[in-house]
Novice: 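One structure, as C-alpha cells, below. Some questions next.
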Amino acid sequence: MRFFDGLVLAIETSCDETSAAVVRGSTVLSNVIASQAEMHLKWGGIVPEAAARAHVEAILPVIRKALTGAGVNQTQGIAVTNRPGLVGALSVGVSAAKALSLAWDAPMVGVHHLEGHILSTCAGGELQFPHVCLMVSGGHTELVDVTACGHYRLIGQTLDDAAGEAFDKGARLLGLGYPGGLAIEQQAMGGNRNRYPLPRSLEGEGFDFSFSGLKTAMLRLVEREGAGISVPDAASSLQAAIVEVLADKALRALDESGHSVLTLVGGVAANTSLRQALEDGCRLRGARFIPAAPELCTDNAAMIGIAGAFRLGRGERSDWTLDVYPNAPLPGA
Ligand code: KG4
Ligand code: ZN
C-alpha cells in the first residue's frame with residue numbers, strides 16, 4: 001500500500017464533531033476535535049440544523065489549530081468526509097475543503113466516513129490484512145470483512161438501532177443523560193449483570209443485529225421497577241446484553257472468515273467490557289485483537305486523513321463538484 005507523498009489536511013463534519021487533522025500516511029501529526037455534545041444535550045439528541053450551524057462557527061478555528069499543531073501553514077493534499085452523514089453538516093466540511101483546495105492548489109479527495117473508522121486501527125503503524133472489523137457507534141453497527149485497504153465486504157449490520165443507540169436510550173431511561181454509553185459503563189461497574197434478565201436478540205443466529213427489542217425491554221423494566229430500580233444493576237444488565245451479542249457475532253464472523261485479526265472501531269469501542277470480551281475471545285482462538293486507540297474511537301479527522309492519504313496515494317482525486325450523501329455503501333465492496 002502506497003500512501004500520498006506529502007502532508008494531508010483532513011476534515012470531518014459528518015455528525016456532531018467538528019474535526020481537523022494533519023497526517024502523513026498513517027502518522028498523525030495533529031488531531032483537533034470540537035464536540036457539540038454539550039449543545040445537543042439540551043435537546044436530548046442531535047438537531048441537524050443546529051449541528052450544521054455549529055460546524056460553520058467552528059470549522060476554520062479547528063482547521064487553524066490542526067495546522068498550527070502540526071507546525072505547518074498548508075498541506076499538499078486534502079481529505080474530507082463527504083458521505084454518509086447529515087447533509088447540512090457534511091456540506092460545511094466539503095465547502096471548506098474545496099476552498100482550501102483552490103487556495104493551495106492541492107488535490108482533494110472525498111472519503112467515506114466508515115472507511116475512516118475501519119482504517120483508524122492503523123494509525124501510527126501498519127494495518128494487518130486481512131481482518132474482520134467490528135464497527136460500533138451511535139449511528140452504526142457493522143461487521144466488515146477487510147481483505148485489503150479499499151476492499152470491504154459487509155458481513156452483517158443492524159436491522160434497527162445501532163449499539164450506541166441502545167446504550168444511549170437505556171441511559172436516558174435510567175436518567176443518566178446523553179450520550180449515555182460512558183455513563184452506563186461507569187454505573188455498571190458496581191452492578192449485578194444478572195439482576196434483570198434482558199433479551200439477546202438474534203444471538204447465535206447469522207451476523208445481523210437487532211437492538212430495538214432490548215430498548216422496549218428496558219422501557220418495561222423501568223416502568224415495572226419504578227423508583228425502586230437499582231441503576232447500577234440495570235446498567236450492568238443492559239451492558240451485558242449488548243456486549244454479549246456484539247462479541248458473539250464478531251467472534252463467529254472471525255471464525256467463519258478464517259482470518260486471524262479482529263479490529264474494533266467506533267464510539268462504543270471505548271467500552272472496557274466489550275474490549276475485554278473480544279480480547280478474551282481472540283486469545284482463546286490464538287487471534288490478534290486490535291482496538292482503535294481511545295482518542296480515535298469517537299469521530300475524528302485523523303482517521304479520515306489516513307483513508308484520504310491512501311486514496312490520494314493511489315491517484316484518486318475529487319473535482320470541485322464533489323457532493324455530499326446522507327447514505328452511501330462502503331467503497332470497494
Ligand atoms: O463514533 P461516535 O462518537 O459517534 C457516532 O458516529 O455515532 O459514537 C458515539 C456513541 C454514543 O452512542 C455513545 O454512547 C457511545 O458511542 N459510547 C460508548 C462509550 N463511549 C461512547 N458506549 C459504550 N461505552 C462507552 N464507554
Ligand atoms: Zn462515526
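Worth knowing before you read on, the calculation uses all heavy atoms, side chains too, and leaves out hydrogens, waters and symmetry mates. Index from 1, following the sequence. Ligands are counted one by one from 1 in listed order, and the atoms in each one are counted from 1 as well.
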Novice: Between the candidates Ser137, Ala292, Gly181, which shows the shortest non-hydrogen contact distance to atom 22 (N) of ligand 1?
Specialist: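 It is Gly181 whose heavy atom sits nearest to atom 22 (N) of ligand 1.
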
Novice: Before giving the answer on salt bridge (Lys or Arg N to Asp or Glu O under 4.0 Å), spell out for Arg283 and Asp280 the whole-Å C-alpha distance, their side-chain angles and the decisive distance to 0.1 Å.
Specialist: CA-CA 5 Å; Arg283 192 177 322 107; Asp280 292 348; 3.5 Å; yes

Novice: Is the shortest heavy-atom distance from the side chain of Leu9 to the side chain of Ile11 under 4.5 Å?
Specialist: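 When only atoms from C-beta onward are counted, Ile11 and Leu9 do touch, with a gap below 4.5 Å.
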
Novice: Atom 1 (O) of ligand 1: which protein heavy atom is closest, and how many Å away?
Specialist: Gly267 N, 3.0 Å

Novice: Who's the nearest protein heavy-atom neighbour of atom 9 (C) of ligand 1, and how far?
Specialist: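 Ranked first by proximity to atom 9 (C) of ligand 1 is Gly138 N, 3.8 Å.
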
Novice: For the residue pair Ser210 / Asp160, report whether a side-chain donor-acceptor contact shorter than 3.5 Å exists.
Specialist: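 Their side chains do contain a donor-acceptor pair, which is all the 3.5 Å distance test asks for.
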
Novice: Considering only the protein, which heavy-atom contact is closest to atom 15 (C) of ligand 1, and what is its distance?
Specialist: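 For this ligand atom, the closest protein heavy atom is Val268 CG2, 3.9 Å.
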
Novice: Which atom name does Asp299 have for its N/O/S atom nearest to the Zn ion (ligand 2)?
Specialist: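 Nearest to the Zn ion (ligand 2) within Asp299's N, O and S set: OD1.
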
Novice: For ligand 1, indicate whether the residue Asp168 contacts it via side chain, backbone, both or neither (heavy-atom separation under 4.0 Å).
Specialist: side chain

Novice: Using a 4.0 Å cut-off to any heavy atom of Gly139, which atoms of ligand 1 qualify?
Specialist: 7 (O)

Novice: Describe, in one word, how the ring planes of Phe209 and Phe211 are oriented to each other, choosing from parallel (under 30°), tilted (30 to 60°) and perpendicular (over 60°).
Specialist: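 Rings of Phe209 and Phe211: parallel, under 30°.
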
Novice: Say whether His151 and Asp145, considering side chains only, have a donor N or O and an acceptor N or O under 3.5 Å apart.
Specialist: no

Novice: Give the residue and atom name of whichever protein heavy atom lies nearest to atom 26 (N) of ligand 1, and the separation in Å to one decimal.
Specialist: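 The closest heavy atom on the protein side is Glu185 OE1, 2.7 Å.
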
Novice: Is the Zn ion (ligand 2) under 2.8 Å from any N, O or S atom of His113?
Specialist: yes

Novice: Does the shortest distance from the Zn ion (ligand 2) to an N/O/S atom of His140 fall below 2.8 Å?
Specialist: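 Within the cut-off used here (under 2.8 Å), His140 places no N, O or S atom near the Zn ion (ligand 2).
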
Novice: Got an N/O contact under 3.5 Å between Asn271 and ligand 1?
Specialist: yes

Novice: In terms of atom number and element, which parts of ligand 1 are under 4.0 angstrom from non-hydrogen atoms of Gly164?
Specialist: 12 (O)

Novice: Counting each atom of ligand 1 from 1 as listed, which ones have a heavy atom of Gly180 under 4.0 Å away?
Specialist: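 That gives atoms 14 (O) of ligand 1.
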
Novice: Before you tell me yes or no, could you show the steps for His140 and Gln157 under side chain to side chain donor-acceptor pair (under 3.5 Å), namely the whole-Å CA-CA distance, both residues' side-chain angles and the distance that decides it to 0.1 Å?
Specialist: CA-CA 8 Å; His140 295 278; Gln157 61 188 324; over 6 Å; no

Novice: Could you point out which residue of Asp161, Leu238, Leu219, Val245 forms a side chain to side chain contact (heavy atoms under 4.5 Å, CB included) with Leu214?
Specialist: Leu238

Novice: Would Gln239 and Asn271 count as a side chain to side chain donor-acceptor pair (under 3.5 Å) if you check the C-alpha gap in whole Å, the side-chain angles of each, and the deciding distance to 0.1 Å?
Specialist: CA-CA 9 Å; Gln239 177 173 266; Asn271 187 274; 3.0 Å; yes

Novice: What I want to know is whether Asp299 and ligand 1 share at least one N or O pair that is separated by under 3.5 angstrom.
Specialist: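 So ligand 1 has an N or O lying under 3.5 Å from an N or O of Asp299.
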
Novice: Considering only NZ, NE, NH1 and NH2 on the basic side and carboxylate oxygens on the acidic side, decide whether Arg275 and Glu279 come within less than 4.0 Å.
Specialist: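 A salt bridge is absent here (no side-chain N lies under 4.0 Å from a carboxylate O).
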
